[in-house]
Amino acid sequence: MPASFSYTVNTALPRGRVWALLTDITNWSRCSDVYSDLHWEGTPWAEGSAIVGQLNYPIVVLGRYVIRKVDPPALIRYLSQAQGAGFASERTIMLEQLVGGTTIRADAFVVGRPKMPGGGSEFLRSLTTRWFDEFARLCDNQNSVLR
């Protein structure tokens, strides 16, 4: 049975600006050391294209995110594969406009037989919580610049 979890953070930045920061993958490494050497294989944000690069936390692995669905400015869904880790995950990122900000929610389903202590779910939970917390800080810093 696949393991699953959800994680939510809020930012004061409006959804359109959060979307712009999220879909510019150069920001992924800029706001956190979780990712490095990210690049596109195919047309950015097109179904079937992939973001490829290195994941540096909680262990170093090569990662590939194959885009499954994009619905601007509300939803991104992708299949995540970590080379040699023994598992894959499907992740959905949703942005909900609030009065005075945005809720960012990440849902993940993990399948496979992870080859690491704590399993794939714990790996993905650690990576997700750290990166989304740091991304929300980037958004909030952008919001203070806009004032």
Short N-O contact, R130 and D33, less than 4.0 angstrom: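 Looking at R130 and D33, the cut-off is met.
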Beyond-backbone contact of [X] with [Y], side-chain heavy atoms, under 4.5 angstrom:
X: S6; Y: R105; result: yes
X: V70; Y: T23; result: no
X: S4; Y: V110; result: no

Under the side-chain hydrogen bond (donor to acceptor under 3.5 Å, both in side chains) definition, can you give me all pairs with a residue in residues 37-51, not counting sequence neighbours?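 Matches after skipping sequence neighbours: E41-R64.
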To the nearest 0.5 Å, tell me how far S89 OG sits from L79 CG.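 Those atoms lie 7.0 Å apart.
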How long is the straight-line distance from CG of N27 back to CD of E134, given to the nearest 0.5 Å?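 The CD atom of E134 sits 13.0 Å away from the CG atom of N27.
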State whether a side-chain donor-acceptor pair under 3.5 Å links R77 with T92.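 Yes, side-chain donor-acceptor contact under 3.5 Å.
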Cut-off 3.5 Å, side chains only: do R91 and Y78 have a donor facing an acceptor?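 Present: a donor and an acceptor within the cut-off.
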Please identify which of these residues, L75, D71, T103, T8, meets the side-chain contact (heavy atoms from CB on, under 4.5 Å) condition with M94.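 When L75, D71, T103, T8 are each tested with M94, the side-chain contact (heavy atoms from CB on, under 4.5 Å) holds only for L75.
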Hey, is the main chain of [Y] close enough, under 3.5 Å, to the side chain of [X] for a donor-acceptor pair?
X: S32; Y: V34; value: yes
X: W28; Y: L22; value: yes
X: Q97; Y: R15; value: yes
X: S29; Y: Y35; value: yes

Determine, step by step, whether T11 and F132 satisfy the side chain to side chain contact (heavy atoms under 4.5 Å, CB included) criterion, reporting the C-alpha distance in whole Å, the side-chain angles of both residues, the deciding distance to 0.1 Å, and the verdict. CA-CA 10 Å; T11 177; F132 278 94; over 6 Å; no
Which atom of [X] lies closest to which atom of [Y], heavy atoms considered:
X: L13; Y: V18; result: O-CG2, 3.6 Å
X: G63; Y: L55; result: CA-CD1, 3.3 Å
X: N10; Y: A136; result: O-CB, 4.0 Å
X: A106; Y: T128; result: CB-CG2, 4.0 Å

Please test Q54 against N56 for side chain to side chain donor-acceptor pair (under 3.5 Å), starting from the C-alpha separation and ending with a verdict. CA-CA 6 Å; Q54 184 170 293; N56 301 311; 2.5 Å; yes
Look at the side-chain heavy atoms of Ile, Leu, Val, Met, Phe, Trp and Tyr, link any pair under 4.5 Å apart, and say whether V66 and V61 land in one connected group.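 No, separate clusters.
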Examine V52 and I67 and state if one hydrophobic cluster contains both, with Ile, Leu, Val, Met, Phe, Trp and Tyr joined whenever side-chain heavy atoms are less than 4.5 Å apart.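 Per the 4.5 Å side-chain linkage, V52 and I67 are not co-clustered.
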Evaluate side chain to side chain contact (heavy atoms under 4.5 Å, CB included) for W19 paired with I76, printing each intermediate quantity in order. CA-CA 10 Å; W19 181 264; I76 297 171; 3.5 Å; yes
Taking the six-membered ring for Trp, are W131 and F135 parallel (under 30°), tilted (30 to 60°) or perpendicular (over 60°)?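 Correct class here is parallel.
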